[in-house]
Structures are given as structure tokens and as C-alpha cells.
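Take a look at the structure below.
Only a predicted model underlies this, so the values are computations on that prediction, with no experimental measurement involved.
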There are 2 protein chains.
Amino acid sequence: MKPITIADVAKHAGVSKSTVSQYLNQRYDYMGEKTKKRIEQTIEELGYRPNIIARSLKQKSTMTIGVIVANILHVFSTQVIRAIEDFCNESNFHIIVCNADDDPMKEKRYIEMLRAKQVDGIIAFPTGGNVELYKGLIKVNYPVVFMDRILPEVEIPTVLLDNEKASLLAVDQLLKNGYKKIGMIAPPLSPYVTPRLERISGYKKALQQHDIPFNPNYLISSEIFELEAKINHMLTMADPPEALVALNDRVLIEILKYTKEQQINIPGDLALVGIDEVSFASFYSPALTTVAQPAFQMGKKAAELLLNRIRDKDTDDFSKIYRFEPDLIKRESC
Amino acid sequence: MKPITIADVAKHAGVSKSTVSQYLNQRYDYMGEKTKKRIEQTIEELGYRPNIIARSLKQKSTMTIGVIVANILHVFSTQVIRAIEDFCNESNFHIIVCNADDDPMKEKRYIEMLRAKQVDGIIAFPTGGNVELYKGLIKVNYPVVFMDRILPEVEIPTVLLDNEKASLLAVDQLLKNGYKKIGMIAPPLSPYVTPRLERISGYKKALQQHDIPFNPNYLISSEIFELEAKINHMLTMADPPEALVALNDRVLIEILKYTKEQQINIPGDLALVGIDEVSFASFYSPALTTVAQPAFQMGKKAAELLLNRIRDKDTDDFSKIYRFEPDLIKRESC
DNA sequence: CTGAAAGCGCTTACAG
DNA sequence: CTGAAAGCGCTTACAG
């Protein structure tokens with residue numbers, strides 16, 4: 001069962017391939033009404049479907065983009081992807097999704113494969129390990145947009161949260177409720193994971209703004225699996241914090257595991273606010289006060305930037321940073 | 001900046017395009033060692049990267065598959081996609097992901113676009129609204145695998161949970177803990193959403209096995225937004241159920257919202273087990289007893305089936321149903 | 001061991 | 001208003 005090609009419909013309709021092609025591309029300007037009808041009918045009859053691969057080869061556009069996330073299982077990434085897909089769908093673009101797992105080698109391989117497949121552009125949560133590769137991409141004016149992480153060495157438009165503001169909102173909320181001894185729990189600090197860096201500096205700045213000295217004992221930054229032990233240590237030392245901000249959703253969960261285990265009463269014994277909204281925030285006991293990021297808007301923005309770049313190679317938005325506002329959702333944990 | 005083509009490297013290396021192509025495809029059999037070296041070097045020098053689109057056109061294989069889910073935001077779908085991506089990555093396949101939103105029109109559009117883009121196969125959570133389309137796909141022997149939902153009209157291999165067993169595990173656990181008045185809360189019953197149908201029938205069968213008459217008042221099936229009200233009605237009627245099984249994660253959340261609001265003590269006032277594992281199950285208070293589905297294994301299986309079909313068009317696995325075993329995770333809510 | 005030529009299924013000036 | 005021809009960047013018999 002040979003697939004039908006443009007040549008088949010041309011033959012059947014008694015016209016040339018060119019004319020069929022004109023029809024397919026809706027260039028009806030000079031086309032006779034009868035020819036048009038005839039082609040339309042033949043296509044219907046033969047069940048012809050254009051081969052977009054062939055078109056892509058000629059037109060140098062595949063109408064598909066690559067999206068490289070660290071891990072699609074992170075809910076933020078999922079939401080961003082969903083927003084990107086929705087936006088792309090409106091413009092008839094498709095997305096190829098890739099999980100780089102924060103591994104620069106994997107990231108590199110994906111980028112190279114995506115380019116080989118001629119995707120029209122890439123949206124990436126960069127690992128930080130492929131600066132030269134990205135520089136090469138800029139040099140050939142290849143459309144790329146970064147999400148969530150800034151690579152200062154590289155001039156690529158980036159959309160991310162105002163992470164310092166997120167910490168500020170969290171700390172302010174705690175202060176407003178009378179807590180002064182505020183700790184922060186964080187995952188390990190990798191140099192390129194911008195949100196972690198900025199959220200910590202935001203935490204420090206927020207304290208400073210209120211003339212509260214930063215107490216190094218109140219800051220934990222550690223691998224997830226060690227977190228519970230370190231939290232225990234922190235909360236059982238002399239003069240422990242009376243409130244905690246969780247740097248992200250992953251950390252929040254570790255805190256919650258710990259407090260459940262130790263039957264610590266929130267907010268009675270310990271106030272808590274988490275950066276990143278979580279699915280269970282509203283019906284947890286107590287309902288969790290969180291700082292949410294507008295993931296869908298951010299994904300949409302990234303898609304918009306990329307498609308604009310694809311359509312108009314000469315935009316000048318390079319190296320622009322697009323910051324989005326976090327949103328404090330007050331509930332019961334503080 | 002013209003991209004480098006195979007013709008450029010052929011010229012620079014002083015060989016023919018054919019030879020370069022042989023090199024690229026690692027057919028070194030008859031290639032002189034010097035030629036090989038020379039080509040290798042030229043490629044390096046020019047920074048040549050093959051255009052896979054051109055290759056695809058000739059070879060009729062794009063090394064990419066389409067994945068159509070209802071909504072990537074559902075955690076089950078996310079996990080399945082992650083597993084598919086991992087499996088495909090090992091075989092150098094890429095995945096295009098699409099959200100059909102349970103809309104047959106959207107599904108249809110995606111299928112047609114994916115085929116036009118010549119993807120080598122499709123894994124879909126079918127909506128049920130495109131039976132004829134899928135029949136057409138089988139007729140031309142196009143590789144398709146279904147996930148999660150069965151379309152009885154269509155002979156396509158399908159991987160899904162043993163949903164009846166899932167209900168059975170939930171009910172048994174409740175019975176084992178002495179509860180006899182067991183209700184089930186469900187979302188609306190659409191004809192093609194297999195898991196819902198099977199989980200309800202599983203619930204009924206489980207009761208029957210234990211000679212407990214099915215009480216229609218103990219079964220709610222309703223839109224999510226009405227669920228709280230209906231649960232309230234059920235639990236405040238005369239002789240209410242003393243235990244509930246949540247048909248899926250979405251429903252579980254509604255139950256939890258309700259019980260938190262009404263300060264219902266779980267399992268004291270009401271025992272609870274949810275089908276579908278949820279992220280917060282272990283640190284919720286009480287920790288939630290759930291029935292988990294092996295999402296990653298299921299995704300992997302679907303990918304495996306599809307890639308096998310793509311490689312060997314003549315496998316005979318049509319219409320096979322691949323059932324996966326649910327797993328009861330005992331915690332505190334029952 | 002290597003090259004010339006045809007072909008994959010389209011699009012696009014260009015000619016008439 | 002429509003067609004012949006070249007070309008997109010590869011691969012693949014086939015010839016030598």
C-alpha cells in the first residue's frame with residue numbers, strides 16, 4: 001500500500017504537481033475554479049495527505065520546537081510544558097520533550113539531536129554545563145529561550161520568577177505574624193540553579209531589610225536525603241528558629257515528613273511557609289501558606305518569545321530577562 | 001551562513017557524496033583507512049551535522065513517535081510520558097507530546113498532524129471519539145499503542161491497570177479492618193474511560209465476593225465540582241457508610257477537602273482508601289492508604305510495544321491487552 | 001574501494 | 001491560469 005503522493009493526485013486530476021502544490025498552499029490567486037474543485041475532489045478521493053517532511057526539507061522549517069527540562073516529573077516543569085504546548089498548538093507547532101536530568105552530557109546530546117532533526121528552536125532549563133554549545137547556537141542565530149535558570153555567560157532571553165521577591169514575601173508574612181527567628185531550609189546550592197541562589201539571597205535581604213541579623217545556624221542547605229536529620233538538629237538546638245521557609249516544594253515535603261513524625265504542631269510550635277505552590281496545600285492540616293509562581297504564564301511567555309524569534313530572526317530581545325511576580329497565598333501554616 | 005551539507009564535506013575531502021554517506025552510516029566495510037580519516041577530519045573541520053529531515057525523507061523513518069495524553073498535568077500521564085521518553089531515548093527516538101483534553105476533535109487534529117509529520121508511531125490515551133480514524137490506521141498497518149483505555153471496536157494493543165483488582169484490593173483492605181459499610185466516590189462515567197468503569201465494577205464484585213449487598217446509596221458518581229455536596233449528603237443520611245474508597249486521585253482530593261472542612265476524623269469517623277498513589281500520601285495526617293499503579297512500568301511497556309511494532313511491522317500483538325498489577329500501600333487511613 | 005545517477009515528496013521561480 | 005524543471009540534503013542500488 002504505497003502512500004499517495006502529490007504526483008498521484010496530479011495525475012488523477014489531470015494537472016501538474018505544481019498546480020496541486022499551489023492548491024495545497026492555498027495560493028488560489030490564478031487558479032481556475034474548476035481546477036480547484038477537481039483537485040479538492042481528487043485529494044478527497046485518494047485520501048491524500050501531504051508529507052510534511054518533504055515540505056520541511058524544502059522550506060527549512062519543521063514547525064516543531066524542542067523543550068528540554070530537567071525532569072518532566074517536577075510539577076513546575078509539567079505546567080510550563082503544558083503552557084508551551086497550548087501556545088504552540090495555536091500556531092500549529094509541535095513540541096518534542098526531553099529530560100536532561102541536570103546532566104550536561106544528556107543535555108548536549110539532546111541539543112545536537114534536536115538540531116539534526118531541524119527543530120525550529122529550543123526552550124531549555126539549562127544545566128549550566130554547555131555554555132560553549134549555547135554560544136555556538138547564538139552565533140548562528142539559532143532561536144533559543146531559557147527557562148528558570150540564568151547563564152550569565154550567554155546572551156539568551158530568559159524567563160524566570162522574581163525569586164528574591166518570593167523569599168521576601170515569605171519572610172514578610174512570617175514577620176507580620178510576629179515571628180522573628182526565621183530559618184530557611186534549602187537543597188544543595190549548584191552554581192547554575194538560579195532559583196536556589198536567588199531565593200537564599202532574597203531570604204537574607206529580607207531579614208536585613210528588617211534589621212534582623214542573619215544567623216547561619218538558621219540556614220540549612222543540603223541533599224534531600226540528609227534534610228530530615230539536619231532539620232532535627234536545627235530545631236533541637238538551643239534557641240531554635242520558630243518559623244521556617246521551605247526553599248522549594250521538594251524541601252517543603254521533607255519538613256512536613258519531619259513535623260508529622262515528631263508531631264510538631266504547625267503553626268503552634270513552628271510556623272511554615274513554602275515557596276512553590278503544592279497540590280495539597282489547601283487541604284493539608286494545617287492548610288499551607290505558600291508562594292506560588294505563575295508557571296503557566298511563564299511557559300506561555302517562553303513559547304511566545306521563541307515563536308517570535310523563529311518568525312523574525314532579527315528581534316533584539318537577546319539577553320533580556322523576563323521576571324514574573326510570585327504570589328503569596330495565605331493559609332493556615334502562618 | 002549557509003549550513004554545511006554532505007556535498008560540502010565531499011568536495012573538501014575530495015571524495016563523492018556517496019562515500020561520505022557511507023561513512024556517516026558507518027558502512028566502513030570497503031572504505032580505505034585514509035578516506036575514512038580524511039572524511040572524519042573534514043567533518044570535524046567544517047562542523048558538519050547531518051540533516052536528519054533529508055535522511056527521513058529518503059528512509060521513511062523519522063525516529064520520532066507521538067504521545068497523545070488527555071492532559072500532561074495528570075500525574076499518571078506525566079509518569080507514563082517520562083517512562084516512554086526514557087525508553088525511547090535509549091533507542092534514539094524522540095517523542096512529540098500532545099494534550100487532547102479528552103476532546104475527539106483535538107485528538108483527531110493531532111493524529112493527522114503527527115502522521116503528516118511522518119512520526120513512526122503513536123501512543124495514545126484515546127478519547128473514544130475517533131474509532132473510524134484508528135481503524136484506518138490499523139488498516140494501513142500503522143503502529144499504534146493505547147494506554148489506559150480500551151476501545152473494544154478497534155484492534156490495538158493496550159496497556160492498562162487491572163482496575164478491578166485495584167478496587168478489590170481497596171475493598172478487601174477495608175473489610176479486613178472491620179468496615180462493612182463501604183461507599184465509593186467516583187467522577188462521571190464516560191463510556192470510554194475504562195478505569196472508571198472497571199473500578200466501579202470491581203467495587204461491586206468485591207462486595208459480592210463477600211456477600212455484601214450493593215447499596216446504590218453508597219455509590220456517588222458525579223462531576224468534581226458537585227462532589228463535596230454529594231459526599232456531604234451521603235455521609236449525613238441515615239445509616240451512612242463508615243468507609244470510602246476514592247475512585248481516583250482527583251476524587252480523593254475532594255474527599256479530603258470535605259473531611260478537613262468538616263473536621264471528620266480519619267480513620268476514626270471514616271476510613272479511607274484511595275485508588276492512585278498521591279504525592280502527599282505518606283506525610284498527610286493521617287497517612288493515606290492507597291492503591292498504586294505501576295505507571296513507569298506501564299509507560300515502558302507501551303514504548304516497548306510500539307518500538308517493536310515499528311521495527312517489525314509483522315508482529316501479531318494486535319488487540320492484546322496488557323494488564324498491570326495494582327499495589328496496595330497500607331498506611332494510616334485504614 | 002569509490003563515484004555517477006536516480007530518487008525520496010515536496011516547493012518555487014520561471015516561462016508561456 | 002498552468003506546467004516543466006531544478007532543487008532541498010540525504011541514501012542507495014549499480015557500475016566499475
#### Entry: More than 12 heavy atoms from other groups under 6.0 Å of NZ on K106(A)
yes
Any side-chain N or O of N51(B) below 4.0 angstrom from OP1/OP2 of dC8(D)? no
**Message:** Could you check whether E132(B) pairs with K135(B) (Lys NZ or Arg NE/NH1/NH2 to Asp/Glu carboxylate O, under 4.0 Å)?
**Reply:** yes
Between CD of Q59(B) and P of dA6(C) the distance, given in whole Å, is 21 Å
For V119(A) and Y142(A) the tightest heavy-atom approach is O-OH, 2.6 Å
Paired to dC1(C) by Watson-Crick or G-U wobble criteria (both distances under 3.5 Å) is dG16(D)
So, does T19(B) get its side chain near the phosphate of dG3(C), meaning an N or O under 4.0 Å from OP1 or OP2? yes
Electrostatic pair R82(B)-D101(A), nearest N-O below 4.0 angstrom
yes
When rounded to whole Å, the NZ to P distance for the pair K58(A) and dA5(D) reads 16 Å
Would R149(A) and D102(A) pass as an ion pair if we require N to O under 4.0 Å? yes
Rounded to whole Å, CD1 of I52(A) lies from C1' of dG9(C) at a distance of 12 Å
Counting only side-chain N and O atoms of Q22(A), is one of them less than 4.0 Å from OP1 or OP2 of dG3(D)? no
Separation of dC8(C) atom P from I4(A) atom CD1, nearest Å, is 14 Å
Working note: R38(B) + T19(B), criterion side-chain hydrogen bond (donor to acceptor under 3.5 Å, both in side chains); need CA distance, chi angles, decisive distance, verdict. CA-CA 11 Å; R38(B) 197 134 33 85; T19(B) 308; over 6 Å; no
*Taking only N and O in the side chain of T35(A), is any of them less than 4.0 Å away from OP1 or OP2 of dT2(D)?*
yes
Within residues 36-49 of chain A, the residues having a heavy atom closer than 4.0 Å to DNA chain C are Y48(A), R49(A)
note: I53(B), atom CD1; dC10(C), atom C1'; distance rounded to Å ~ 12 Å
message: Can you see if the side chain of K60(A) gets near the phosphate of dT11(C) - specifically, an N or O under 4.0 Å from OP1 or OP2?
response: no
L57(B) atom CG is separated from dA6(C) atom C1', nearest whole Å, by 13 Å
Point to revise | M63(A) vs K117(B) side-chain heavy atoms within contact, under 4.5 Å | key: yes
Atom OH of Y23(B) and atom P of dT11(D) are separated, to the nearest Å, by 13 Å
- prompt: Do the side-chain N or O atoms of Q118(B) get closer than 4.0 angstrom to the phosphate oxygens (OP1, OP2) of dC8(C)?
  reply: no
Phosphate OP1/OP2 of dG9(D) contacted by T5(B) side-chain N/O (<4.0 Å)
no
To the nearest angstrom, the NZ-P distance between K17(A) and dG9(C) comes to 10 Å
